[in-house]
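Here the structure comes first, spelled out in structure tokens, and everything after it is commentary.
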Amino acid sequence: MAEEISKGYQPGDVETQWYSRWIDAGCFRGDESADKPSYSIVIPPPNVTGILHLGHVLNNTIQDVLARRARMEGKDVLWLPGTDHAGIATQSKVEQKLRKEEGKTRRDLGREAFLEKVWEWKEEHGGIIIQQLKRLGCSCDWDRERFTMDADYSRWISKVFVDLFNEGLIYRGKRMVNWCPKSLTALSDEEVIMKPQKSKLYTMRYRVAGTKDGGGPDQWIEIATTRPETLMGDTAVAVNPKDKRYADLVGKMVIRPFPEAEIPVVADDHIDPEFGTGVLKVTPAHDKNDFAIGLKNNLEIIDVFHPDGTLNAFAGPEFEGMDRFEARVKTAEKLESMGQLVKVEDYENSVGFSERADVPIEPRISMQWFLKYPCVEEAAAAVANDEIHFRPDRWKKTFAHWMEGIQDWCISRQLWWGHQIPVWYRKENAADIQSRESLDATSAGDDIYVGIDPPGDADQWIRDEDVLDTWFSSWLWPFATMCKSDEESSPTLKKFYPTTDLVTGPDIIFFWVARMIMAGFRWQGEVPFKNVFFTSIVRDKKGRKMSKQLGNSPDPLDLIAEFGADALRFGLMRIAPMGTDIKFDEDQIVEGRNFANKLWNAARYRQMQEGAVETGPVDFASLSIYSIDILARLDQLERDIAMAYEDYRFNEIAQLLYDFWWSHYCDWYLESSKGDFFEEGNPAARASTLATMDLVLKRFLLLVHPFMPHITEELWEKIGYREAGDPEFLMQTRLPAGGVLEGQDKDAIAKARAKTQAVYESVGRARNLKAEYGLGANKNVKFIIDPEGGSFDQAAVFQRLAGAGEVIVSPGFKAEKGLPVALTAIGKIYLPLEGFIDVEAERARLGKELDKTQDELKKVNAKLSNENFVTRAPDEVIKEMKERQKHWQQRVDELTRMIGNLGV
RNA sequence: GCGCGAAUAGCUCAGCGGUAGAGCAUCUCGUUUACACCGAGGCGGUCGGGGGUUCGAAUCCCUCUUCGCGCACCA
């Protein structure tokens, strides 16, 4: 039953209490045995040790809105939550802590002990982001929470690996990969971020072999490079075969200055004669293109770096142990001292950085596992033909482009935290294989065992030390969370797969979305989701990305504490357009808070009126014109919102809710109907208005609930809108079908609404008039209305809304000259004020209005006298224009007459 | 270099072929019995520049400028 509503809304306790009640009642549980239509989302799993940022808030609020709306539409909803083990990120954090607290590295501890530490860390910090999502109000089915390193889930990873290996899609090979010298692991192409750098372009010269020692003239070849520190690994120089300048050098040898050696000059189409000197130093071990040239020309590969980016023994004793960037300077100095450095120029180029460690990656040859993607065509087609609907759909193009140029995926990582590769090597050969010296392994055999479970005679084997890329587990998320790998068919999978919507950021379209689609086809034979909604990226006020370093990322939990989760949700949703970035400003959350308070107080106002809650069908005949108007607006709102949901236009929905409530319901409807409560005399009108208020408020709470779940649930209970037979909570309540005015006389509705608009418009003009005479807030002014058509029966409402002490309806009122007047839809409104009559002032005022009116009329007349317009514009536009012409013409006539009446 | 966005009131953004809008900020009034997290009113814009299409362009097309984001190249 109804409970008293306090004066100001305090979200804190209300929100946490409702959340507990929903959880206790199992409201979020996805029911796989029910037979209602299903609706499902899998959460983009946040890093297990991560903390909530605004991007998460936006993303998860959208998912919660979708899930809650779907429930209220009567669907069986599963929103499946979970977390990601986030290989590099998590391992680095723990390594950092280990270094700081114990001064040890992971190798000091050994694999097993280190992993124990990581699990400890995970247990300690792993729940934080989940708790934060709960505080936000997310209606995930927490009983089904998954973690990418759960035993069941891990089994899927192994199964997938084995399947792909057996198909020949996964292979092991020595390839040029992106190596992170800080994390000491290979990375995929997607984990490398190109950043523009201010570098130097060094031009050096190598002597052509035999040109001096042989007694001939000294001959040099000039070579431009940005990386002189790799020259010790040069095994050739290359020129374009069409380049005449160097044609005679091809096939000859040049002298690498240190360690001194003769290296050949080769020809390769890849060389751009326009760049630098047109000569490229070829370092097959340290550049992707050089590697290719090296293969073609059968060149020696000399790796001069240690894995951590310092130089090794091949670089020579004076550089051994030196960092690559220091070596860049030192090698240049050495060249200079040898007289072989021609010039150094400033140069801007892009350098690939490790996404996680933020250091330049090093192209490096190493033995890694690679994947040729499965089901590429199916995935590309599914998006191209909208079987999977991207929103906004321009991402289709980005997706298609990536799918076309798709490269094999380096899936092995030299980390410990993650899914260890399910491959074992026979012990006697293991040393060789593990040292990464062996050639490609593309099939199992006597020496290699690939399987979900370890080989029977496990002590005869050694497991591959590497783990898999974190995304190699993420790409299975939509189905691996729903079933164990050895199950024939899980009921959850059957009911909820494919999922309905995926809500994620466009930044992981390749990392995650594309790969999930391919995995979905490969292991479930169909798409993993039907819609992908790409969210905006949340930036700060100045348009910068949120980052820890800048300190421009507000903690959502602080915002929730200050304004409430509902306010944060609503504020963010209201400014989150589809597909473009949003600039975050705390004021937007303040508005969310204010809106919650407005809703609260309007509900409180209803509760202060005596009268039982009554939300049955309306007695149309009893309704005031204002009630008809607001109910018609409510029906329109429900239709508009339903359409906006179809297109995922969340910001529009939030705006529609905001405008309806604040402007139409509170500012106009409630104010216009106050007379029914504050004035004696008409119990029938009072009852009718109260019923209208209940109807609007009840339905409005249902509409707002997905955006602001807590406050709506609270008000629902406090006012007592739950009826016999209704579910326990608002969140479980079905949206009503059909509008409240459905089936009523359309003409009567239109007439009532037109009259309401006339009154509201006139009130506006009356307020205007008051303000112009400096009486904006004066409650004691008198208005005299000379009504259009001879009568006006809404004087009481007019008086209240216009803020007047008295309103006299006087048909044919004969005004004194100079009496302030406004022309309105309901007639002429006079503002008689003793001592204020001033013919000149009024003439000036009316003259100004006449000018404006004439301008409008001129515009309309110009249009209508344009023959092209009259013959070509659509009928309804012409009709509207003619009405406008009539309106302005009448106004001009009237104003002219009134000014004339003022005398010359 | 290729592609994709964005540019509208001081700020954050809606509008995307038919009289330029909202919220915030600012200014003026107002403590009216839901709400000062409020109410009423005002100020403020040649819709980035230039072309074009159209009876009509913030809206469609072209072009330029600025900013952002992908992809590719980078000796």
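Just so it is clear: chains get the letters A, B, ... in the order the sequence lines come, proteins before strands, and each one is counted from 1. No hydrogens, no waters, no symmetry mates; every other heavy atom, side chains included, goes into these values.
- None of A:Trp600, A:Phe700, A:Trp668, A:Phe570 except one satisfies the ring pair (Phe, Tyr, Trp, His ring centres under 6.0 Å) rule with A:Trp661; the exception is A:Phe700.
- Nucleic acid contact for A:Leu201: sugar-phosphate only, since backbone atoms but no base atoms lie under 4.0 Å from a heavy atom of the residue.
- A 4.5 Å side-chain heavy-atom check between A:Pro196 and A:Asn349 finds every atom pair outside the cut-off.
- At B:A34, one or more side-chain N or O atoms of A:Lys674 fall inside 4.0 Å of OP1 or OP2 (strictly under the cut-off).
- Nearest nucleotide to the side chain of A:Gln588, out of B:G3, B:U12, B:C74: B:U12.
- By the 4.5 Å heavy-atom criterion applied to side chains, A:Met693 and A:Tyr665 are counted as neighbours.
- Here A:Lys397 reaches the OP1 or OP2 of B:C4: one of its side-chain N or O atoms lies under 4.0 Å away.
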| task | May I have the step-by-step check of side-chain contact (heavy atoms from CB on, under 4.5 Å) for A:Ile223 and A:Leu280, ending in yes or no? | result | CA-CA 6 Å; A:Ile223 305 163; A:Leu280 171 73; 5.9 Å; no
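- Taking the six-membered ring for Trp and the full ring otherwise, A:Phe650 and A:Phe533 have centroids separated by under 6.0 Å.
- Using a 4.0 Å cut-off between charged side-chain N and carboxylate O, A:Arg884 and A:Glu856 make no salt bridge.
- Look at the C1' atom in both B:G68 and B:A75: the space between them is 30 Å, to the nearest Å.
- Between A:Arg633 and A:Tyr669 there is no side-chain heavy-atom pair separated by less than 4.5 Å.
- Residue contacts shown for A:His270 include a base, since a base heavy atom lies under 4.0 Å away.
- RNA chain B is contacted by no residue of residues 233-243 of chain A, taking any non-hydrogen atom closer than 4.0 Å.
- Ring-centre distance between A:Trp395 and A:Phe399: not below the 6.0 Å cut-off.
- Rounded to whole Å, the C1' atom of B:U12 lies 26 Å from the corresponding atom of B:U19.
- Taking a 6.0 Å sphere around NZ of A:Lys296, one finds it holds more than 12 heavy atoms contributed by other residues, nucleotides or ligands.
- When each of B:G18, B:U12, B:G5 is scored by its nearest atom to the side-chain atoms of A:Val877, the top-ranked nucleotide is B:G18.
- When the P atom is used for both B:G51 and B:G56, the distance is 16 Å, rounded to whole Å.
- Nearest nucleotide to the side chain of A:Pro874, out of B:C71, B:C13, B:G18: B:G18.
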| Nucleic acid footprint by protein, nucleotides 36-44 of chain B - heavy-atom cut-off 4.0 Å, B for base, S for sugar-phosphate alone | -BSSSSS--
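- Neither OP1 nor OP2 of B:C69 sits under 4.0 Å from any side-chain N or O of A:His401.
- Nucleotides of RNA chain B nearest to A:Asn868 and A:Arg227 differ in position, and the one nearer the 5' end is that of A:Asn868.
- Distance noted for atom C1' between B:G1 and B:U59: 31 Å (whole Å).
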Which atom pairs link the protein and nucleotides 19-22 of chain B when you take only N or O atoms and keep those under 3.5 Å?
unit_1 : atom_1 : unit_2   : atom_2 : d
B:U19  : OP2    : A:Arg884 : NH2    : 3.2
B:U19  : O2     : A:Glu856 : OE1    : 3.3

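- With respect to the salt-bridge test (charged N to carboxylate O, under 4.0 angstrom), the residues A:Glu772 and A:Arg767 do not qualify.
- OP1 and OP2 of B:C73 both lie 4.0 Å or more from every side-chain N or O belonging to A:Asn289.
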